[in-house]
Peer 1: 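Please find one structure pasted underneath; my questions will follow.
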Amino acid sequence: MCGIIGYVGKKQAFPILLTGLKRLEYRGYDSYGFSIFDEKGGIFLNKKVGKISEAEKDFLGMDIQGTVGQAHTRWATTGKVTEANAHPHFDCAKEIFVVHNGIIENYGELKNKLINEGHQFSSETDTEVLAHLIEKFLKEKNKKGEKRKLEEAVKEALKLVKGTYGLLVMSKSEPEKIVAARLSSPLLIGVNNGEYIVASDPIAIAPFASNIVYLNDYEIAVITPGNLSLEKERAPEKMEYESEEAEKGSYEHFMLKEIMEEPAAIESAIKGRLISQDGEVKLGGLDSIAGRIKDIQNLILVACGTANYAARTGKYMFEEYAGISAETDLASEFRYRKPILSKNTAAIFISQSGETADTLAALREMKRKGVLTIGVTNAIGSSQSRETDAGVYIRSGSEIAVASTKAFIGQLTALALMSVYFGRKREMAMVMGKRIVDELSVLPDLAQKVLKNSSHIEQIAKKYVLAGEGKGFRNFWFIGRKYNYPVAMEGALKLKECSYLHAEGIAGGELKHGSLALIDEQFPTVAICPSDSVYEKMVSNIEEVRARKGRILAIATEGNEEIKKLAEDVIYIPKTLEMLTPILAAIPLHLLAYYMATALGRDVDRPRNLAKSVTVE
Ligand code: M6R
């Protein structure tokens with residue numbers, strides 16, 4: 001989704017802003033723009049639709065001077081994808097420049113008022129009202145009858161705004177200054193020897209600074225060369241971000257690199273956390289609430305997209321191994337529900353980015369209601385990780401491709417660890433804890449084994465999307481039961497978002513309740529059927545599909561020869577505990593989506609219309 005970077009210091013701002021914007025590209029965007037003040041009172045204002053990489057050569061010949069500047073990548077929400085709607089937005093006199101992430105919900109009403117007062121708008125966006133509001137308040141004197149400073153005008157403008165924002169403001173009247181403000185949309189300020197790099201994502205700051213300050217909700221920061229003024233003064237923190245992870249290395253795409261890192265994601269999630277001899281796991285982030293775990297009577301797991309499928313898998317784990325009643329919901333639905341809560345309810349929020357707007361809103365609502373909140377997060381220092389009462393980092397490393405792959409594996413691994421942690425504080429026997437812990441310890445090797453099959457999976461992927469009179473198939477069912485029902489949904493989502501093919505994931509038992517009507521030779525079914533407690537039931541579902549001439553691609557356990565008689569193609573995964581099969585089964589599904597999408601020539605790392613981190617409702 002939208003990205004922000006700003007620079008205040010002694011260096012030329014443009015190269016820093018350009019690098020930052022390129023690093024923010026992975027979030028997904030459709031247009032971009034810069035505003036940079038030079039020392040002679042001039043401004044470089046440049047807004048374009050399209051990809052920065054395509055325009056980079058045009059910048060080479062330009063003399064872009066200035067040590068204070070800001071830039072933005074826009075992912076359209078209010079207003080079409082046009083140059084005029086790209087940020088920075090400006091006031092009537094083109095003196096004030098604003099870049100903004102988030103949504104101004106009451107912009108229509110504010111815009112009408114401003115138009116009646118004589119303001120002239122040049123875009124269709126909600127953001128532009130901010131520039132005009134700031135213009136208005138800058139013209140008015142403050143309560144003491146003095147001319148308002150930029151930060152005072154920003155403060156007054158934000159009092160009128162309903163919605164969310166992470167924003168930067170520059171004004172020609174105070175050309176050495178950037179004012180930054182946030183509400184429910186992240187902004188971080190990198191600090192490096194008197195220069196400041198402010199951005200919505202640490203990835204843009206990482207090459208330039210290693211210490212950061214997280215801006216708080218409702219806080220306004222004033223940044224000038226050599227000085228950062230915060231409402232609540234605090235020292236910068238060390239940024240925990242591995243810059244080199246954001247490189248593709250020898251891989252053609254981040255998505256493939258990240259799938260290949262899935263064994264490492266498991267390894268990293270379990271590292272130092274397994275205590276085999278006691279059948280326990282160590283999760284330091286939960287220590288502060290350890291005493292409350294045995295009293296939890298019901299768990300609510302809340303997330304969006306892929307993280308929601310991890311939550312759904314976690315529900316089976318917590319019920320079966322921790323003996324806690326668990327329900328799940330999509331954050332976008334949950335935040336508007338009136339769930340039945342008790343003092344023994346705990347809510348788990350799962351998010352790779354820790355910045356998903358709906359998940360954060362649901363978390364804040366639960367906090368308001370006094371519910372114990374626990375986060376499962378990848379991004380260190382993200383809003384979710386800072387706002388939950390306790391939490392577990394999945395430690396998957398930065399995930400750049402829009403499609404979430406290694407983070408899903410990390411989330412499942414963390415949930416397995418948490419179900420042992422919770423279980424052992426409740427009724428789980430030591431032997432059971434030990435069984436899970438020991439199986440987790442070998443899981444990275446088993447995952448690596450799945451990846452060894454990647455060329456076989458690539459062949460199958462090509463066959464399914466390119467074969468059949470050169471057309472291939474355009475519709476897919478993914479079916480699974482119990483632990484692998486959410487994995488079926490994950491397989492379908494991944495295929496949809498990366499390849500733009502139609503896919504749906506459903507519970508095997510649901511087929512005959514309507515969906516079977518669609519089955520024919522042209523509508524293949526991917527059946528996730530490891531040798532587990534529901535294997536026989538899955539075989540019945542596979543037979544139902546075959547009876548209607550449906551093709552089957554099975555994900556089955558190594559050694560299962562019977563499945564070859566039922567399925568046109570089989571991808572094998574190693575044997576593991578039933579609760580851990582989703583971790584292994586998801587890997588070939590991620591590869592399948594990747595290879596199908598690349599065979600069709602899709603932009604897998606940045607699929608159309610999507611953003612990496614969904615920071616608006
Ligand atoms: O950052 P989060 O885990 O909160 O993101 C949630 C979803 O937006 C995300 O998983 C999305 O569904 C992915 N693009 C799926 O691959």
Side-chain angles (χ1 to χ4, degrees), residues 1-3 26-28 75 184-186 200-203 253-256 258-259 262 265 301-314 328-335 348-363 375-385 387-388 391-412 414-415 478 486-487 489-500 503 505 586-587 589-594 596-597 602-617:
M1 206 140 266
C2 305
Y26 83 98
R27 298 171 67 93
W75 187 85
S184 299
S185 188
S200 52
D201 186 325
I203 197 169
H253 298 105
F254 279 112
M255 183 175 172
L256 183 59
E258 288 159 7
I259 298 171
E262 289 183 339
L301 294 100
V302 181
C304 298
T306 279
N308 168 55
Y309 302 138
R312 283 166 172 255
T313 313
T328 69
D329 207 348
L330 293 163
S332 54
E333 288 296 313
F334 183 73
R335 60 182 292 193
I348 300 183
F349 298 88
I350 306 173
S351 172
Q352 186 285 127
S353 60
E355 300 293 351
T356 297
D358 282 318
T359 312
L360 283 176
L363 157 64
V376 177
T377 319
N378 193 29
I380 296 168
S382 56
S383 302
Q384 178 172 290
S385 65
E387 293 182 34
T388 36
V392 177
Y393 278 122
I394 64 169
R395 307 172 178 166
S396 298
S398 21
E399 192 179 66
I400 304 296
V402 165
S404 188
T405 54
K406 65 173 177 173
F408 180 63
I409 300 296
Q411 287 160 354
L412 293 179
L415 288 164
F478 284 71
V487 175
M489 292 191 270
E490 162 65 2
L493 176 69
K494 216 91 307 170
L495 184 57
K496 260 185 279 205
E497 72 173 326
C498 300
S499 69
Y500 319 152
I587 300 173
L589 298 184
H590 288 165
L591 282 172
L592 204 61
Y594 171 79
M596 284 186 176
R602 309 294 192 230
D603 185 357
V604 275
D605 283 343
R606 280 169 294 181
R608 68 183 182 200
N609 306 336
L610 298 179
K612 178 66 181 161
S613 180
V614 183
T615 49
V616 291
E617 202 186 325

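Here the structure is a predicted model, which is why all the values come from computation and not from measurement. Whatever order the structure lists ligands and atoms in, that order sets their numbers, starting from 1. Atoms considered below: every heavy atom in the structure, side chains included; atoms not considered: hydrogens, waters and symmetry mates.
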Peer 1: Just by distance, do the side chain of Thr356 and the backbone of Asp358 share a donor-acceptor pair under 3.5 Å?
Peer 2: no
Peer 1: Can you sort out which atoms of ligand 1 are near Ala403, meaning under 4.0 Å from one of its heavy atoms?
Peer 2: 16 (O)
Peer 1: By number and element, which atoms of ligand 1 are closer than 4.0 Å to a non-hydrogen atom of Gly305?
Peer 2: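 Within the 4.0 Å cut-off of Gly305, ligand 1 contributes 12 (O).
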Peer 1: Any heavy atom of Val402 sitting closer than 4.0 Å to ligand 1?
Peer 2: yes
Peer 1: Taking only heavy atoms of Ser404, which atoms of ligand 1 are found under 4.0 Å from at least one of them?
Peer 2: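 Answer for ligand 1: 15 (C), 16 (O).
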Peer 1: When you measure from atom 3 (O) of ligand 1 to every protein heavy atom, which one gives the shortest distance, and what is it?
Peer 2: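 Closest protein heavy atom to atom 3 (O) of ligand 1: Gln352 N, 2.6 Å.
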Peer 1: Say whether Glu497, considering both its backbone and side-chain N or O atoms, lies within less than 3.5 Å of an N or O atom on ligand 1.
Peer 2: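 Right, the criterion is met.
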Peer 1: Classify the side-chain pair Glu355/Ser382 by whether it contains a donor and acceptor separated by less than 3.5 Å.
Peer 2: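 There is no such pair between these side chains.
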Peer 1: Checking the side chain of Glu399 only, and the main-chain atoms of Glu258 only, is there a donor and an acceptor separated by less than 3.5 Å?
Peer 2: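 Flag not set: sc Glu399 to bb Glu258 has no pair under 3.5 Å.
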Peer 1: Quick check against the 3.5 Å criterion: does Asn378 have a side-chain atom that pairs as donor or acceptor with the backbone of Ser396?
Peer 2: yes
Peer 1: Checking a contact table here: which protein heavy atom is nearest atom 6 (C) of ligand 1, and how many Å away?
Peer 2: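 Nearest neighbour among protein heavy atoms for atom 6 (C) of ligand 1, to 0.1 Å: Cys304 O, 3.3 Å.
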Peer 1: Hey, does Lys494 sit under 4.0 Å from ligand 1 if you only count heavy atoms?
Peer 2: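 For ligand 1, residue contact (heavy atoms, under 4.0 Å) with Lys494 is present.
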Peer 1: Taking the side chain as everything from C-beta on, heavy atoms only, tell me whether Phe349 gets closer than 4.5 Å to Val376.
Peer 2: no
Peer 1: Do any heavy atoms of Ser613 fall under 4.0 Å from ligand 1?
Peer 2: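 The answer is no: ligand 1 sits nowhere under 4.0 Å from a heavy atom of Ser613.
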Peer 1: Among all protein heavy atoms, pick the one closest to atom 8 (O) of ligand 1 and tell me residue, atom and distance.
Peer 2: Val614 CG2, 4.0 Å
Peer 1: So between Asn378, Asn308, Thr377, Thr306, whose heavy atom ends up nearest atom 10 (O) of ligand 1?
Peer 2: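 Answer by nearest heavy atom: Thr306.
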Peer 1: Rounded to the nearest 0.5 Å, what separates atom CD1 in Ile259 from atom NE2 in His590?
Peer 2: 7.0 Å
Peer 1: Taking only heavy atoms of Ser353, which atoms of ligand 1 are found under 4.0 Å from at least one of them?
Peer 2: 1 (O), 2 (P), 4 (O)
Peer 1: Look at atom 4 (O) of ligand 1 and say which protein heavy atom is nearest, naming residue and atom and giving the distance to 0.1 Å.
Peer 2: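 It is Thr356 OG1, 2.4 Å.
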Peer 1: Would you check if the side chain of Tyr309 reaches a backbone N or O of Gly491 as a donor-acceptor pair within less than 3.5 Å?
Peer 2: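 The answer is no, because no donor-acceptor pair under 3.5 Å joins these two groups.
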Peer 1: How long is the straight-line distance from CD of Glu262 back to CD1 of Ile587, given to the nearest 0.5 Å?
Peer 2: 5.0 Å
Peer 1: Working to the nearest 0.5 angstrom, can you tell me the gap between Tyr594 OH and Arg602 CZ?
Peer 2: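 Here the interatomic distance stands at 14.5 Å.
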